[in-house]
Structure formats: C-alpha cells, structure tokens
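Residue numbers start from 1 in every chain, and the chains themselves are labelled A, B, ... in the order their sequence lines are given, proteins ahead of strands.
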There are 2 protein chains.
Amino acid sequence: MSDLETRQLRYFVAVAEELHFGRAAERLAMAQPPLSRAIRDLERQLGVDLFVRTTRQVALTPAGETLLIDARVALDAVAAASQRARRAARPEQSLRLACKADFDGGLLAPILAAYDTTPVELLLTGPWDLVPALHDGRADVALLATAFDDPTLDSEALLTEPRMVALPAADPLAARTTLRLADLTGRRLPNGSGAETGNLAPPPPGSPAMRDLSQIFNLVETGSLLWFLPAWVARQFPRPHIAYRLVEDLPPATLAVAWPAASRSPAVAALVRAAVRVAKDAVADEPHVSQALA
Amino acid sequence: MSDLETRQLRYFVAVAEELHFGRAAERLAMAQPPLSRAIRDLERQLGVDLFVRTTRQVALTPAGETLLIDARVALDAVAAASQRARRAARPEQSLRLACKADFDGGLLAPILAAYDTTPVELLLTGPWDLVPALHDGRADVALLATAFDDPTLDSEALLTEPRMVALPAADPLAARTTLRLADLTGRRLPNGSGAETGNLAPPPPGSPAMRDLSQIFNLVETGSLLWFLPAWVARQFPRPHIAYRLVEDLPPATLAVAWPAASRSPAVAALVRAAVRVAKDAVADEPHVSQALA
DNA sequence: TTGATTGATACTCTCGAAGTATGAGTGACC
DNA sequence: GGTCACTCATACTTCGAGAGTATCAATCAA
C-alpha cells in the first residue's frame with residue numbers, strides 16, 4: 001500500500017531488462033541476494049507477481065510488462081525533476097538543444113543564428129538518445145528525424161526529403177540516377193534493412209560504434225558498406241569518391257524539432273519558430289531538393 | 001549526483017505546499033527535525049536552494065517552484081506505475097471510469113449500456129480529483145466538465161450547453177426567463193463567483209462538504225444559496241420548488257470524456273466512441289437544449 | 001550421476017533515517 | 001525595550017532497512 005521508491009523501480013527495470021538477477025545486480029553494482037530480496041519485497045508490496053522464475057530462467061509476467069513501461073516513464077520523470085530543478089537555479093538560462101551530429105541538414109547554424117534570445121547549449125548524442133534526453137530533462141528541445149509517436153512530445157516538421165544511398169563513385173550502380181532496394185540485395189547494409197527512418201533503437205551492444213559520418217564515408221568509399229541517409233545530409237556532405245543516389249522505395253525522411261508537450265518555456269517556443277522560419281527559407285532557396293511541411 | 005528517491009520528493013512537496021516545516025512534518029506523520037534535515041540534504045544533493053527560510057517564514061525559490069511542478073508529475077507517474085501494475089495482474093480487466101456524481105448529464109447510463117466490451121468500474125469523486133485520478137492511474141477515463149489544458153490528456157467533447165442558476169421557485173428573479181450575473185449581486189454564491197466551469201481546484205479546507213446535489217437543492221429551496229450548474233444537470237433534476245434560469249453572461253460548459261494521451265487501451269477507445277455516439281443521439285433527441293461539438 | 005549455473009535463504013553488519021531534547025533567531029505585544 | 005511565542009536548525013541517540021557473505025536448492029547438460 002505504501003509508496004514505491006525509485007530505488008525499487010531502478011532495481012526492477014534492471015532485472016526486467018537483463019532478465020537475469022546476476023547480471024542485473026552487476027549492472028547495479030550490488031550483490032545478487034539483496035537484489036532478489038528487493039524484487040521479492042516489491043512483488044509483496046504490489047501484491048503482484050512481476051517475474052516468473054525458474055532457477056534457470058527469468059521471464060516477465062503481464063503485470064511485469066506493464067510495470068516496465070510505466071517504471072521507465074516514472075524514472076524519467078524523477079530524473080527530469082532533478083535536472084530541471086538544478087537548471088532553474090542557474091541564472092543564465094541556456095536552452096539545451098539535442099541533436100545528432102551531422103544530421104541537422106545544415107540548418108543548425110542558421111537556426112542558432114536566427115535565435116539569439118538565450119544562449120543555446122548543444123547536446124550531441126546518438127539518435128536513439130534524443131527522445132530519452134527530452135524525457136529526462138537533459139534537453140529542452142531536439143532536432144531529429146521523425147519516426148516517433150509519442151504523445152508527451154510535440155513536434156514541428158522542418159524538411160521532408162527522400163532517402164538516398166551512399167555508394168562508391170566507381171560502383172556500377174552509380175551510373176543509374178535512381179535505385180530501388182532490390183538493386184542492393186547482397187550488399188552489406190547498415191543495421192537491418194536501413195528502411196527505418198529514425199534509428200531510435202540503441203545500437204546492438206557489441207556493434208562497432210560508428211561515431212561520425214567521416215568513418216562511415218571511409219567505409220563507403222572502400223566499398224565495404226552502403227549507407228542510407230536523408231537527402232538533406234547528402235546535400236551537406238558532397239564527397240568526390242562518393243555518389244548519392246535516390247532510393248525510390250524508401251519512405252521519405254522528415255527532419256523535425258520536438259519538445260516536451262508539457263513545456264511552457266517561451267525560449268523553446270522561440271527556437272521552434274526560428275527553426276521553422278529557417279527551414280522555410282532553406283526550402284525556398286533550394287526548391288528542387290526540399291519540400292516543406294507547414 | 002545520485003538519483004532522487006520518491007521519499008525525498010514527497011517530503012519536498014509537503015513542505016512546498018505547507019510552506020511550514022512543522023505542519024508538513026505533521027502531515028507526513030513524522031517529527032520536524034528529520035524533515036528539516038531531509039530537505040537540507042535534498043538541497044545539498046541537487047546543489048540548489050529550494051527554500052528561502054527565515055526562522056519565521058518559508059518561501060520557495062524559483063528552483064523550488066519548478067521542482068514542485070515536476071515533483072508532482074513524477075510522484076503521479078510513480079503512483080500510476082504501481083496502480084497499473086497491480087491492475088494488470090487482475091484477469092478481469094475492468095475499465096475504471098471516473099466521474100463526478102450527478103454531473104454526467106444523464107449520459108452515464110446509456111454510455112454504459114452502449115459499451116459492453118468490458119466491465120466498467122465507477123470511481124465517483126469530487127470534480128477536482130478527476131484529472132489527478134487519470135494521472136496517477138486510479139482511473140482509465142473520466143467524464144468531466146472541461147476547463148483544463150493538459151497536454152498529457154486527450155479529450156473528446158460530448159455536450160456544450162449554457163450554464164444556469166438554480167433559484168427558489170418563489171424567488172422574484174424566477175419570473176424572468178434569463179438572467180445576468182449582475183442580477184445576482186448580493187446573493188450568497190458558491191465558491192467565488194461560480195464563473196469557473198470545471199471546479200478543478202480542491203475545496204477550501206474548512207468549507208462545508210457539499211457532497212451531493214440533494215444537499216445543495218435543499219439549500220437552494222430554502223433560499224440560502226444560489227447554485228450554478230450546466231444545463232444538462234438542470235435538465236436531469238427537475239424539482240418542484242426550484243427554478244432553473246439561464247445565465248446569459250456565463251460561458252457555456254462542455255462535458256467531455258478525457259483519458260491519458262499515452263493510453264493505448266482499446267477498451268478506453270471503445271468507451272470514448274460509445275460516449276460520443278450516445279451524446280450525439282442525446283443531442284438529436286433534444287435539439288432545442290443541446291448543441292453538439294464533433 | 002555429476003558439475004555448472006542461477007536464484008533463494010540465513011545470518012550478520014552497517015549506515016542512514018527517524019526520534020528527543022535543545023538551541024537560536026525573529027517578530028509581536030505590553 | 002524586554003519578554004514571550006513561534007519556528008527552524010543542531011546535537012545526540014536509536015533502530016531498522018538494505019547490503020554483504022556464505023550457502024543451499026533446483027534445473028539442465030553432458
């Protein structure tokens with residue numbers, strides 16, 4: 001009946017994600033027995049079984065599944081509370097803009113130039129971390145490729161452009177002006193099919209960290225990788241030995257600004273307006289490439 | 001740097017709401033010194049002053065103000081997590097519908113009749129508790145008079161009708177067909193001006209608990225109180241010694257269904273559809289009184 | 001059958017949170 | 001202006017929840 005503590009939720013999330021008490025305990029930097037007890041106590045307290053354990057396997061019950069979702073939300077809310085309180089105390093109210101490096105479509109600089117209301121602090125992260133950063137208060141606003149449906153976030157589309165594939169300039173396929181996914185079968189493609197727009201899932205744990213575009217471009221140039229990217233990124237990085245070709249059957253990608261729907265910050269609103277204005281101008285300058293959404 | 005515990009947030013909210021360590025401690029059923037220490041430790045942990053204390057007065061700093069908002073959200077999220085986990089374990093998935101008693105506009109019964117997908121559990125509360133109930137997981141969906149702007153809730157309007165005043169039938173004003181607020185000056189009005197639509201604030205602590213309409217009607221009949229109410233409520237409770245008269249300069253009231261925007265429950269969606277359908281039918285039956293919003 | 005793996009139990013210990021007693025600063029009132 | 005009431009902070013003590021260690025028990029694989 002009594003309230004849950006965030007500690008209990010953190011423990012639960014760790015176990016629910018690892019599905020293994022030992023590894024979860026390790027991740028939490030604690031011993032396994034107290035973790036087992038904490039979970040047992042949590043289940044007693046809720047009056048609900050969260051895991052089905054055999055001595056060899058741990059699985060989530062339906063109640064556990066729903067708690068995992070809600071617990072993440074709650075932990076984010078707690079983190080956001082402390083983050084924002086810390087920040088509110090600082091007199092220089094800088095706006096924190098999260099963005100995946102190199103994926104801003106060349107809009108970042110003009111947006112910042114157009115927005116001089118408050119100092120802007122940049123948070124450059126992997127694309128999968130942009131939405132969490134908005135949730136837990138690390139960022140006030142983010143620039144991202146939309147592939148999300150999150151009622152707690154509002155967003156405004158800036159650009160919608162087709163997706164392209166980066167090829168070695170010498171590749172036979174580079175002779176064509178447009179390609180289809182079927183033309184690429186057998187090539188080494190990034191993460192799965194590359195059909196996903198936003199790359200919102202974290203990278204597979206052991207995967208080589210492809211930090212920035214220059215690494216990727218090197219791999220593409222040597223022919224050891226194909227890479228999908230929105231047209232606005234391709235436009236921004238012309239490279240002599242790389243050809244960008246439109247992929248007809250990939251859905252177009254949309255670049256958007258997003259912010260917590262609960263945000264009442266005038267600074268955020270101003271930055272969003274600046275971003276929309278800059279995007280419109282950019283589209284007006286290059287009507288042959290870009291297509292605006294209001 | 002380490003994570004906040006909900007205990008700390010509960011303590012903080014208590015002090016922030018009472019602005020008095022002694023009373024807050026009493027409310028938390030604990031002694032005052034540990035509470036003072038806990039708040040001090042919280043401030044140290046955040047590296048931020050939350051309160052300005054003199055020995056005679058306690059006030060929130062700007063950081064404290066923002067933390068109060070975020071802490072309430074976070075505590076609600078934690079409560080919702082535990083509520084929903086508890087409920088997910090129950091095999092009979094009943095939908096919980098929150099509603100202020102007697103304010104359903106006669107729609108409650110037909111809605112429940114039209115919606116036979118899942119058993120419905122009714123949660124009857126004061127109007128100020130409907131939105132919190134949606135937030136903390138006590139209810140899945142609510143029927144309420146809209147006067148809220150909450151990005152975490154979605155809603156669908158059912159009825160929009162003018163607001164009326166309940167008078168003794170013998171009152172001279174009852175001779176008129178419509179009134180204006182100015183006609184009522186000097187009378188004893190409910191909570192402030194009665195101009196507020198939704199009554200989303202909790203009642204003043206010491207106020208007589210006007211639990212249900214029959215009590216109110218008694219007071220109105222004896223001429224000791226005037227009462228404002230939406231037309232749909234007046235229509236539902238014809239009483240011989242009470243006259244309802246339209247108040248021209250009160251904004252109309254809207255009855256709506258609302259639910260957490262994050263809800264993906266098909267049961268909620270089905271109930272909302274049923275409610276909208278029932279409301280439409282009701283409006284069609286009484287076109288002279290009601291005015292639908294799509 | 002045996003060994004490896006993995007979660008649960010028993011027991012102990014420690015640190016942090018709560019209580020009590022008291023101090024100290026501030027405003028009110030005579 | 002001195003005294004009192006009020007209120008938050010500090011000092012010290014107590015106690016229990018949570019963490020650690022050692023070990024058991026159950027399951028699966030060979």
Side-chain angles (χ1 to χ4, degrees), chain A residues 1-61 63-65 67-68 71 75 78 82, chain B residues 1-61 63-65 67-68 71 75 78 82:
Chain A
M1 195 58 73
S2 72
D3 278 317
L4 297 184
E5 288 300 325
T6 58
R7 184 181 53 82
Q8 301 179 280
L9 293 179
R10 282 195 303 274
Y11 289 3
F12 167 77
V13 169
V15 176
E17 287 180 351
E18 301 285 347
L19 291 178
H20 189 293
F21 281 79
R23 278 195 297 275
E26 193 178 0
R27 193 170 113 184
L28 294 165
M30 67 185 293
Q32 168 261 319
L35 178 58
S36 288
R37 251 177 318 164
I39 297 294
R40 175 175 54 75
D41 293 348
L42 175 61
E43 290 177 313
R44 296 248 172 92
Q45 194 174 331
L46 291 174
V48 155
D49 280 350
L50 298 172
F51 296 99
V52 183
R53 315 117 150 106
T54 67
T55 51
R56 307 286 301 173
Q57 203 152 351
V58 176
L60 281 167
T61 62
E65 300 271 8
L67 182 60
L68 179 56
L75 289 177
V78 172
S82 91
Chain B
M1 193 60 72
S2 73
D3 278 319
L4 296 185
E5 288 300 324
T6 58
R7 183 180 54 82
Q8 301 179 279
L9 292 180
R10 282 195 303 274
Y11 288 3
F12 168 76
V13 169
V15 176
E17 285 179 353
E18 300 285 348
L19 290 179
H20 189 293
F21 281 77
R23 280 195 297 274
E26 193 178 1
R27 194 171 112 184
L28 293 165
M30 67 187 293
Q32 168 262 319
L35 179 58
S36 288
R37 251 175 320 166
I39 297 294
R40 175 177 52 77
D41 293 348
L42 174 62
E43 290 177 313
R44 296 248 171 94
Q45 193 173 333
L46 291 174
V48 155
D49 280 350
L50 298 171
F51 296 100
V52 182
R53 314 116 151 105
T54 67
T55 52
R56 307 286 300 171
Q57 202 151 353
V58 176
L60 281 167
T61 62
E65 300 271 8
L67 183 61
L68 178 56
L75 289 176
V78 172
S82 93

| note | A/Gln8 atom CD is separated from D/dA17 atom P, nearest whole Å, by 12 Å
| Check: A/Asp41 main-chain N/O paired with A/Gln8 side-chain donor or acceptor under 3.5 Å | no
| task | Ignoring backbone atoms, test whether A/Arg53 places a side-chain nitrogen or oxygen under 4.0 Å from the OP1 or OP2 oxygen of C/dA8. | result | yes
| query | Does the C/dG16 base have a donor-acceptor partner in the side chain of B/Arg37 within less than 3.5 Å? | reply | no
| said: What is the distance, to the nearest angstrom, from the CG atom on B/Leu35 to the P atom on C/dG19? | reply: 10 Å
| Taking atom types as modelled and ignoring hydrogens, do the side chains of B/Ser36 and B/Arg40 form a donor-acceptor contact shorter than 3.5 angstrom? | no
| said: Let me spell it out: for each of A/Ala38 and B/Arg40, pick the nucleotide of DNA chain D with the closest heavy atom. Which residue's pick is nearer the 5' end? | reply: B/Arg40
Can you name the atoms? Protein N/O to nucleotides 22-30 of chain D N/O, anything below 3.5 Å, with the distance.
from: D/dT27; atom 1: O4'; to: A/Thr55; atom 2: OG1; distance (Å): 2.9

| said: On the nucleotide C/dA18, are OP1 or OP2 found under 4.0 Å from the side-chain N or O atoms that B/Arg7 carries? | reply: yes
| query | Looking for any heavy atom pair under 4.0 Å, which part of the strands does B/Tyr11 touch: base, sugar-phosphate only, or nothing? | reply | sugar-phosphate
| task | Return the value, rounded to whole Å, for the distance between atom CG of A/Leu42 and atom C1' of D/dG18. | result | 14 Å
| query | Has the side chain of A/Glu43 got a donor or acceptor atom that lies under 3.5 Å from a matching backbone atom of A/Leu50? | reply | yes
| What nucleotide, of D/dT10, C/dG7, D/dT7, holds the atom closest to the side chain of B/His20? | D/dT7
| query | Taking side chain as C-beta onward, heavy atoms only, is B/Leu28 less than 4.5 Å from B/Val15? | reply | no
| Atom-pair distance (CZ on A/Arg10; C1' on D/dG18), nearest Å | 13 Å
| message | Tell me whether B/Glu18 at atom CD has more than 12 heavy atoms from other residues, nucleotides or ligands lying less than 6.0 Å away. | response | yes
| query | B/Leu4 and B/Leu42: side-chain contact (heavy atoms from CB on, under 4.5 Å), yes or no, with the steps? | reply | CA-CA 8 Å; B/Leu4 296 185; B/Leu42 174 62; 3.6 Å; yes
| Proximity to the side chain of A/Met30 - top-ranked nucleotide from D/dT10, D/dA19, C/dA18 | D/dA19
| field | Stepwise side-chain contact (heavy atoms from CB on, under 4.5 Å) check, B/Val78 with A/Leu9 | value | CA-CA 9 Å; B/Val78 172; A/Leu9 293 179; 4.2 Å; yes
| Can you tell me how far C1' of D/dG18 sits from CD of A/Gln45, to the nearest Å? | 14 Å
| query | What integer distance in Å separates A/Leu50:CG from C/dG7:P? | reply | 15 Å
| Interatomic distance where CG belongs to B/Asp41 and P belongs to D/dA9 [whole Å] | 12 Å
| Would you find more than 12 non-hydrogen atoms of other residues, nucleotides or ligands less than 6.0 Å from B/Glu17 atom CD? | yes
| field | Note, B/Leu60 side chain near B/Phe51 side chain (heavy atom, < 4.5 Å) | value | yes
| request: Tell me whether the OP1 or OP2 atom of C/dA8 has a side-chain N or O from A/Ser36 closer than 4.0 Å. | output: yes
| query | Using the C1' atoms of five pairs at each end, what's the angle between the two axes of the helix from C/dT1-D/dA30 to C/dC30-D/dG1, to 10 degrees? | reply | 20°
| message | Can you tell me if A/Glu65 has over 12 outside heavy atoms packed within less than 6.0 Å of its CD? | response | yes
| task | Starting from P on C/dG25, measure out to CZ on B/Phe21 and report it in whole angstrom. | result | 18 Å
